[in-house]
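Okay, so here's the structure we're looking at.
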Amino acid sequence: MTAPRIGFIGAGNMATSLIGGMLQGSFKPNQLMASDRSDEQLERLGRQFGIHTSTDNAQLARDCDVLVLAVKPQVLQAVCRALPNERRAGQLVISIAAGVTCSSLAEWLGADTPLVRCMPNTPALRGQGVSGLYAVERVSDQQKKLTETILNAVGISLWLEREAQIDAVTAVSGSGPAYFFYLMEAMIDAGEQLGLPREIAERLTLFTALGAADMAVHSDVDSAELRRRVTSPNGTTEQAINSFTRDDLPGMVARAMQAAAARSAELSKELA
Ligand SMILES: NC(=O)c1ccc[n+]([C@@H]2O[C@H](COP(=O)([O-])OP(=O)(O)OC[C@H]3O[C@@H](n4cnc5c(N)ncnc54)[C@H](OP(=O)(O)O)[C@@H]3O)[C@@H](O)[C@H]2O)c1
């Protein structure tokens, strides 16, 4: 089988990260192409990666086997409706646009289109992303494997059984980086209040976050057990954890994530 050609519509931050990651993996520059309305953006991409670029979305859609939709959600409907009907038969379409449902995509692209909806997150820009993926029934196992190869170029990906779970993924990992940034901000401020120079409080906080995440990812026990193991009875960590518990940290997190998931569902309705 010849190597599939992957075309990106929208050559912004996400597409650039994906293309960069894919080229570090098993993909070759002559397999990848991108279109965008900005010549400047395309020139940069062509120079950086040596891939084919164009301002013609329709031609790109005719030329590739897999189409990755990487424009902002607000312009996606217009982009899809302007694509030619005579795209390749069975062409896989992967949408990374937040909040745009498969039923909207099917309406704009044709009901028989094999569609994958993907919710990536910003650490993909550093090759450390995590994506939730949902495929409609028409998507073959081979197309699912290819989707994984594309998304895993910038991190890891996980398949979901129901499309509605994308709202939960948005609340956990889509919006999640900001929750950790917020906690880091608070820890840096508190470290400064405890007498540390800000730069030192910042380095201590960031490397603690990185180290804790690395330990949790590579551990064979869960985060609760890791926490227990570093919380000695009557020690300093226990004092801090008791304070978090009195302030209902788990409840605060649950309420915040319910609000994020509800907003995600609402946005899908607005974009339909
Ligand atoms: N960045 C993230 O971390 C993240 C996370 C999850 C999901 N996503 C999703 O990923 C998608 C892309 O996000 P991004 O951050 O990469 O956005 P971005 O940097 O703004 O990239 C989108 C690109 O599409 C171009 N574009 C606009 N209209 C177009 C058209 N009609 N034809 C071709 N290209 C067009 C834009 O050009 P102009 O700048 O001229 O408009 C821009 O270069 C979004 O749908 C977003 O919801 C992103």
Side-chain angles (χ1 to χ4, degrees), residues 7-22 32-49 51-64 67-84 87 93-102 104-105 108-109 115-134 147 150-151 153-158 160 163 165-181 260-261 263-268 270-272:
F8 290 81
I9 297 188
N13 293 317
M14 264 297 166
T16 304
S17 305
L18 279 166
I19 292 167
M22 290 166 76
L32 306 185
M33 50 189 109
S35 66
D36 197 282
R37 61 182 176 190
S38 145
D39 280 321
E40 208 179 300
Q41 192 85 313
L42 292 173
E43 224 170 88
R44 184 186 52 73
L45 212 66
R47 242 194 344 263
Q48 193 175 352
F49 298 127
I51 64 166
H52 175 72
T53 63
S54 160
T55 49
D56 188 346
N57 293 345
Q59 190 56 47
L60 178 119
R62 285 191 196 95
D63 288 345
C64 64
L67 199 54
V68 182
L69 302 173
V71 293
K72 291 281 188 209
Q74 293 73 12
V75 299
L76 188 54
Q77 174 165 189
V79 165
C80 289
R81 289 200 188 274
L83 293 179
R87 299 189 329 274
V93 177
I94 302 172
S95 166
I96 64 167
V100 179
T101 61
C102 287
S104 294
L105 290 164
W108 306 334
L109 291 167
L115 289 169
V116 170
R117 190 175 157 198
C118 166
M119 183 65 207
N121 67 356
T122 39
L125 307 178
R126 299 270 316 151
Q128 303 273 1
V130 53
S131 305
L133 303 173
Y134 172 78
T147 306
I150 295 172
L151 271 308
V154 290
I156 65 159
S157 54
L158 303 159
L160 304 168
E163 187 175 3
Q165 291 171 323
I166 290 264
D167 294 327
V169 170
T170 305
V172 178
S173 54
S175 304
Y179 315 156
F180 286 104
F181 297 145
R263 181 63 187 138
S264 172
E266 210 174 80
L267 279 173
S268 292
E270 284 171 26
L271 289 164

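For ligands, and for the atoms within them, numbers begin at 1 and follow the listed sequence. Heavy atoms only: backbone and side chains are in, while hydrogens, waters and symmetry mates are out. Just so you know, these numbers come straight off a predicted model, no measurement behind them. FYI, the numbering just counts along the sequence from 1.
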If you compare M14, R37, Q74 by their heavy atoms, the one closest to atom 38 (P) of ligand 1 turns out to be R37
Just going by heavy-atom distances, which of D36, N57, V100 is nearest to atom 32 (N) of ligand 1?
->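 It is N57 that holds the nearest heavy atom.
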Which of the atoms in ligand 1, numbered in the order shown and given with their element, are less than 4.0 Å from a heavy-atom of [X]?
X: P120; result: 5 (C), 6 (C), 7 (C)
X: V79; result: 30 (C), 31 (N)
X: A98; result: 45 (O), 47 (O)
X: T122; result: 2 (C), 3 (O)
X: P73; result: 44 (C), 45 (O), 47 (O)
X: G10; result: 23 (C), 24 (O), 34 (N)
X: Q41; result: 43 (O)

Would you compute the distance between atom [atom1] of [X] and atom [atom2] of [Y] and round it to the nearest 0.5 angstrom?
X: Y134; Y: R117; atom1: OH; atom2: CZ; answer: 10.0 Å
X: M33; Y: L60; atom1: CE; atom2: CG; answer: 6.0 Å
X: L267; Y: Q74; atom1: CG; atom2: CD; answer: 8.5 Å
X: L158; Y: L133; atom1: CG; atom2: CG; answer: 7.5 Å
X: D167; Y: M119; atom1: CG; atom2: CE; answer: 10.0 Å
X: L69; Y: C118; atom1: CG; atom2: SG; answer: 11.0 Å

If you have a sec, work out which protein heavy atom is nearest [atom] and how many Å separate them, to one decimal?
atom: atom 15 (O) of ligand 1; result: K72 NZ, 3.6 Å
atom: atom 19 (O) of ligand 1; result: N13 N, 3.0 Å
atom: atom 7 (C) of ligand 1; result: I96 O, 3.5 Å
atom: atom 26 (N) of ligand 1; result: V71 CG1, 3.9 Å
atom: atom 21 (O) of ligand 1; result: G12 CA, 3.2 Å
atom: atom 12 (C) of ligand 1; result: A70 O, 3.2 Å

Report yes if some heavy atom in the side chain of [X] is under 4.5 Å from a heavy atom in the side chain of [Y]; otherwise report no.
X: F49; Y: L32; answer: no
X: C80; Y: L105; answer: yes
X: L109; Y: L115; answer: yes

Is the shortest distance from a heavy atom of G174 to ligand 1 less than 4.0 Å?
-> no
Can you find an N/O atom of M119 closer than 3.5 Å to an N/O atom of ligand 1?
-> no
Counting both backbone and side chain atoms, is some N or O of N121 under 3.5 Å from an N or O of ligand 1?
-> no
Side-chain donor/acceptor of Q128 to backbone N/O of P123, under 3.5 Å | no
Please confirm whether the backbone N or O of T170 pairs with a side-chain atom of S175, one donor and one acceptor, at under 3.5 Å?
-> yes
